[in-house]
Enquirer: 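This is the structure I want to talk about, given as structure tokens.
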Amino acid sequence: MTSHIKKVWKITKCPECGSDDLVEDHDRGEIICQSCGIVTNENVMDRGPEWRAFTKEERESRGRVGIPISYSMHDKGLSTVIDRINRDAYGKQLPISTRLEMLRLRKWQIRTRVHSSIDRNLAQAMAELDRLTDNLHIPSQVKERAAIIYRKALDNGLVRGRSISAIAAASLYAACRATETPRTLKEVASASSVKKKDVARCYRLLLRELDIIMPVEDPIRCVSKVASKVKIPVKTQRTAIGILGEAKQRGTVSGKDPMGLAAAALYVACVLNEVKRTQKEIAEVANVTEVTVRNRYKGLKETLKLDI
DNA sequence: TAAGATAAGAGGGACAT
DNA sequence: ATGTCAGTCTTATCTTA
């Protein structure tokens, strides 16, 4: 008896590096090179039957017809379409009960299709999150958090009409804020292809629609962050914290950028303690402009009646 | 060179229409 | 739903000490 071993042409060497350490991923229809990481999806499609038959009977019973399945379609091309012609194969009008049945089936068909579109959206978003977190060196735990936020946004229909990458970036930024992972909006935006203002808009949308309460950053907590970067002595830091506490009591801190306030308070403290730091140095590490430092500095001077 | 001043523009929140 | 307004922050440029 002749054996019916499949004759399948397969690549055995990586086209990039020549290694033969290849792994097949049948679900995705790809071949991955273990040594260089190159993924190829060429020549993987197995056009022969996926079964083996050893007798004539087996061959006949296992043989089928139909188009080859396709990996590029989300359902691998296996969907059935229920059309709207309420007639049977002979063109006869269907009885009312069957018509209602078909109506129900069509409804569910559409619903499952929506489902798969959500899946595809998620897959794309997760890929984007992967890319962003990779670029920004963000721990996976924060990424998980971002993914949860994204799913919530998707469930609430916030993604419709907006770009997936914008919402993904905004979710990631929100996750960073929530976990106190120090990444600025600017950094997140520049890692993604979305403009900063769009990420900011989506971020606010997330906070509003998902009722996320984000703790407002306390300028006092920013002081040490900024101070450590420009090596300002602890004593001067304490002066700055005192200044901020005083300003807070007089209610002149709300609505201001906490980093700007911290920077200005530090600058004042430096002047008072005769620590030589320029506005520029402090503004730079606080990620605000000199002008902002000056404006806050002016405000602090007024509210505290300082003469410098 | 550091600090201050000024102007123009962006973007969003509050509020009225 | 849309427009206006006050306030914030940024960028850029010029002046002052």
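Small disclaimer: the values here were computed from a predicted structure and weren't measured.
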Enquirer: To the nearest angstrom, how far is Glu290(A) atom CD from dT6(B) atom P?
Expert: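 In whole Å, dT6(B) P and Glu290(A) CD are 17 Å from each other.
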
Enquirer: Mind checking Thr289(A) for me? I need base, sugar-phosphate or nothing, with any heavy atom below 4.0 Å counting as a touch.
Expert: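 Answer is base: heavy atoms of Thr289(A) come under 4.0 Å of a base.
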
Enquirer: Check whether any side-chain N or O of Arg277(A) sits under 3.5 Å from a backbone N or O of Val230(A) as a donor-acceptor pair, and report yes or no.
Expert: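 Pair found, side chain donor or acceptor close to backbone of Val230(A).
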
Enquirer: Do the non-hydrogen side-chain atoms of Tyr297(A) and Gln279(A) ever get within less than 4.5 Å of each other?
Expert: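 Tyr297(A) reaches Gln279(A) side chain to side chain.
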
Enquirer: Answer yes or no: are there more than 12 heavy-atom neighbours, outside Lys152(A) itself, under 6.0 Å from its atom NZ?
Expert: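 Check fails, neighbour count at 12 or below.
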
Enquirer: Lys301(A) NZ to dA3(B) P: how many Å, rounded?
Expert: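 Interatomic distance, NZ of Lys301(A) to P of dA3(B): 12 Å.
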
Enquirer: To the nearest angstrom, how far is Arg204(A) atom CZ from dT8(C) atom C1'?
Expert: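 For the pair Arg204(A) CZ and dT8(C) C1', the rounded distance is 13 Å.
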
Enquirer: Among dA2(B), dG4(B), dT11(C), find the nucleotide with the atom closest to the side chain of Arg294(A).
Expert: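 When the side chain of Arg294(A) is considered, dG4(B) is the closest of dA2(B), dG4(B), dT11(C).
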
Enquirer: Is it the case that the side chains of Thr292(A) and Thr289(A) hold a donor-acceptor pair, with the cut-off being a distance below 3.5 Å and no angle test?
Expert: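 Result is yes, a qualifying pair exists.
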
Enquirer: Should Tyr297(A) be listed as having a side-chain N or O under 4.0 Å from OP1 or OP2 of dA3(B)?
Expert: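 It does not, given that no N or O in the side chain of Tyr297(A) lies less than 4.0 Å from OP1 or OP2 of dA3(B).
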
Enquirer: Just N and O in the side chain of Lys197(A): are any of them under 4.0 Å from OP1 or OP2 of dA10(B)?
Expert: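 Indeed not, no polar side-chain atom of Lys197(A) lies that close.
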
Enquirer: Establish, with yes or no, whether the OP1 or OP2 oxygen of dA2(B) is under 4.0 angstrom from a side-chain nitrogen or oxygen of Arg277(A).
Expert: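 Indeed not, no polar side-chain atom of Arg277(A) lies that close.
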
Enquirer: Counting side-chain heavy atoms from CB outward, which of dG12(B), dG4(B), dA5(B) is closest to Arg201(A)?
Expert: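 Out of dG12(B), dG4(B), dA5(B), the nucleotide with an atom closest to Arg201(A)'s side chain is dG12(B).
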
Enquirer: Would you mind telling me which residue lines up with the more 5' stretch of DNA chain B, Asn295(A) or Asp198(A), judged by nearest nucleotide?
Expert: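 Result: Asn295(A).
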
Enquirer: Could you give the CG-to-P distance, from Leu300(A) to dG4(B), as a whole number of Å?
Expert: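 Computing the Leu300(A):CG to dG4(B):P distance gives 13 Å.
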
Enquirer: Between Ser140(A) and Lys143(A) (side chain of the first, backbone of the second, donor and acceptor by atom type, cut-off under 3.5 Å), is there such a pair?
Expert: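 Between the backbone of Lys143(A) and the side chain of Ser140(A) there is no qualifying donor-acceptor contact (under 3.5 Å).
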
Enquirer: Distance check needed: dG12(B) P versus Leu205(A) CG, whole Å only.
Expert: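 For the pair Leu205(A) CG and dG12(B) P, the rounded distance is 12 Å.
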
Enquirer: Taking the side chain of Asp257(A) as its heavy atoms from C-beta onward, which of dC9(C), dA3(B), dA12(C) lies nearest to it?
Expert: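 So the nucleotide nearest the side chain must be dC9(C).
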
Enquirer: Which whole-number value in Å describes the distance from Lys280(A) NZ to dT1(B) C1'?
Expert: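 Nearest whole value for this atom pair: 10 Å.
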
Enquirer: Separation of Lys256(A) atom NZ from dA6(C) atom C1', in whole Å?
Expert: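 Result: 12 Å.
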
Enquirer: Report the distance from atom NZ of Lys276(A) to atom C1' of dA2(B), rounded to the nearest whole Å.
Expert: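 So the NZ-C1' distance, Lys276(A) to dA2(B), works out to 12 Å.
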
